[in-house]
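Comments concern the structure below.
Protein chains get the first letters and strands the later ones, always in sequence-line order, with residue 1 at the start of each. Owing to the predicted nature of the structure, the values given are computational and were not obtained by experimental measurement.
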2 protein chains.
Amino acid sequence: MQERAGIKDVAAAANVSIKTVSRVINGVSTVEPAMRKRVEEAIALLNYVPNTAARSLKTGAGNTVGVVVDSIDDVFFSSLVSAIEDRAIPMGLAVIVGSTGFDAARERDQLLRLAGQNVRGVILAPVGEEHDFLEPYRSIMPVVTVDRSVPGFDSVTVDDYSAAREGVELLVASGHRRIAMVGFDSRIQTANRRRRAYEDVLVAHGIPLDPQLVPEVSFESEAARGALQNVLALEEPPTALFLANARHAASVVAAMHHLGRTDLAVLSFGDFSLADSVQPSISAIDQDPYLLGALAFERLVERLADPTLEPVDRTAPTEFRSRVSHTIRALAPADRAPAPTERG
Amino acid sequence: MQERAGIKDVAAAANVSIKTVSRVINGVSTVEPAMRKRVEEAIALLNYVPNTAARSLKTGAGNTVGVVVDSIDDVFFSSLVSAIEDRAIPMGLAVIVGSTGFDAARERDQLLRLAGQNVRGVILAPVGEEHDFLEPYRSIMPVVTVDRSVPGFDSVTVDDYSAAREGVELLVASGHRRIAMVGFDSRIQTANRRRRAYEDVLVAHGIPLDPQLVPEVSFESEAARGALQNVLALEEPPTALFLANARHAASVVAAMHHLGRTDLAVLSFGDFSLADSVQPSISAIDQDPYLLGALAFERLVERLADPTLEPVDRTAPTEFRSRVSHTIRALAPADRAPAPTERG
DNA sequence: ATGAAAGCGCTAACAA
DNA sequence: TTGTTAGCGCTTTCAT
């Protein structure tokens, strides 16, 4: 690795002042073609790459926006990032992505790093409950949160509660009383909102809550598989599944197929690839992460233009993808192996 | 947005020298607890965030590695990035991701930006054919390419050609002579290697090549759907499908289901979620992007430790996921509507 | 059209 | 233990 050339080296090699080099690399037109040519040759010769760090130190503002997500290896987040890129790039803004691994400490680090990089603004999508550490940033750079509302910040959220309620209602309407929620992670704000909806529906129908039906699951997609097996091994197993998020949904569905348990009614919060092609097709509440990203970026741009704006919370719509799985009816008790009960 | 506080402001507020502030924010232990406390209070009060740009300008090296991918919204790439993050974060390295949208010009921009940010090194995963612009970087920072070999650089690749050959052989062995390759994009190096394998197998078996069976498809996943329909509408439609990549594979399979054409034999280059759960289950050549990322990062670390290393090309293994779809046999000609031929 | 010099926020000698 | 000073690579006045 040779010593890296700086603007001075280029200037010396081209026998011009550093200012002329600066003009060339910034595309300023008032440079004699001959000089420009000399400079360009020197740049090529020395493999010169302008140091953005120095540039943004001087100018005080880079041309990047930051995005923080929990896990890039999750279609929800990658689609969200995609929407942001699709809009940022044409504006000449680069997007830099950092992920947290669902770890609040890492979220803080990422934010610190971005703030220190002179990013123009940040879109913050991790869905942890904690958010006290955000406070200082409010005054130093535009921040838009996704799927998590934090007082004083712009946010884009989904009405998880209502959508989840409607979904669980449908399962109840198909005759189910033992409904498991698979994929619940108590660290995640959206998961808690969806759980509340689930419980409220059951209570409204006089169905007893059973915590065993809502196993805590970590974010690894394999975890959901184990949770499914545990839940099916219960004395009074569920006849329907409410899947807490798309990430886990795909692996639960795969696990169901492996176990040959496609008799279960299923509703997924979050649509996923091939949900429509498996047998039976899986009904889903679709929250479009691409749309969430687009809305968040739009808001960021607004705030960039006018930092004095009052923070707002935008709500993105969900759509119900009605397919087959949620209409599967509960088995008549006679079809099940008799389970011992107190009331026997 | 208030004026952002700098180290000087903090020093003034805490009534200490800037060096003391520097010590505090860098966790140097030789600071009197009382002073440290004063500084920390000032930091909190002013919402001070250290400027990483200035820091890395001074020290000459940041603590980030860069990753460039074509599209973050593609499980292949997001899984690759994930592997890199999983290894970098524990080492105290942050990962910054940029994507190209399959655009060579944007790839150059991203690389320039990363090089200008003082990243320690870069993993370059875009799979375009072009790579002349890489040359200058060889001497200024460690670069490892994935799925694209470039002379003079380390790379991690998959033996696309052999794996694709074996796969297409299987299709031929099931009696197919009209085999379409869906998802081909001529701009992509891997696609070209896979196409060569496909053609070589057909030629080896005396099966005529038909360019109509290899429609050019852009990277949007919807594009594959149209390509499938076109190919099925040919006078002599294919009885088997060789899917060029996982991205398109999932949408082609979905389209097949919509069209009710699950009678086609299918083999996918690249495994995808639920491939095993659809009916019939889809056979795939699995190239593990997570593994590719892990290998690439490993090599980057080696080169960071010793920049004088000779470039090497590591080949990652593929695995054949034998499921049902590739065993579907060609329909007997009698079952097809008779197609007019020259030879009548 | 070109150049000289100052300074962005920070760290690293070196001094005290 | 703490402070002073120089300078990282660049852009930006302000001259020329």
> Does the distance from a Lys or Arg side-chain N to an Asp or Glu carboxylate O, for A:E129 and A:R148, drop under 4.0 Å?
Replying inline: no

>> Can you tell whether the side chains of A:E107 and A:R187 come within less than 4.0 Å, N to carboxylate O?
In response: no

> Taking CG from B:N15 and C1' from D:dT1, how many angstroms apart are they, rounded to a whole number?
Replying inline: 16 Å

> According to the interplanar angle, ranging from 0 to 90°, do the rings of A:F219 and A:F102 count as parallel (below 30°), tilted (30 to 60°) or perpendicular (above 60°)?
Replying inline: parallel

>> Using modelled atom types and a 3.5 Å cut-off, is there a donor and acceptor pairing between side-chain atoms of A:R113 and backbone atoms of B:A94?
In response: no

>> Could you check whether B:E41 pairs with B:K37 (Lys NZ or Arg NE/NH1/NH2 to Asp/Glu carboxylate O, under 4.0 Å)?
In response: yes

>> In whole Å, I'd like the distance from the CG atom of B:L46 to the P atom of C:dG9.
In response: 14 Å

>> When you compare the side chains of B:D73 and B:S71, does any donor N or O come within less than 3.5 Å of an acceptor on the partner?
In response: no

> In whole Å, what is the span from the CZ atom of B:R4 to the C1' atom of C:dC8?
Replying inline: 13 Å

> Taking atom types as modelled and ignoring hydrogens, do the side chains of A:R120 and A:N63 form a donor-acceptor contact shorter than 3.5 angstrom?
Replying inline: yes

> According to a strict under-4.0 Å criterion, is B:T30 in side-chain N/O contact with OP1 or OP2 of D:dT2?
Replying inline: no

>> Rounding to an integer number of Å, can you tell me how far A:L57 CG sits from D:dG7 P?
In response: 17 Å

> Are A:L111 and A:Y137 close enough that some pair of their side-chain heavy atoms sits under 4.5 Å apart?
Replying inline: yes

> the helix from C:dA1-D:dT16 to C:dA16-D:dT1: angle between its terminal axes, five pairs each, to 10°?
Replying inline: 30°

> Can you give one letter per nucleotide of nucleotides 10-16 of chain C, going 5' to 3': B for a protein heavy atom under 4.0 Å from the base, S for sugar-phosphate only, - for none?
Replying inline: BBB----

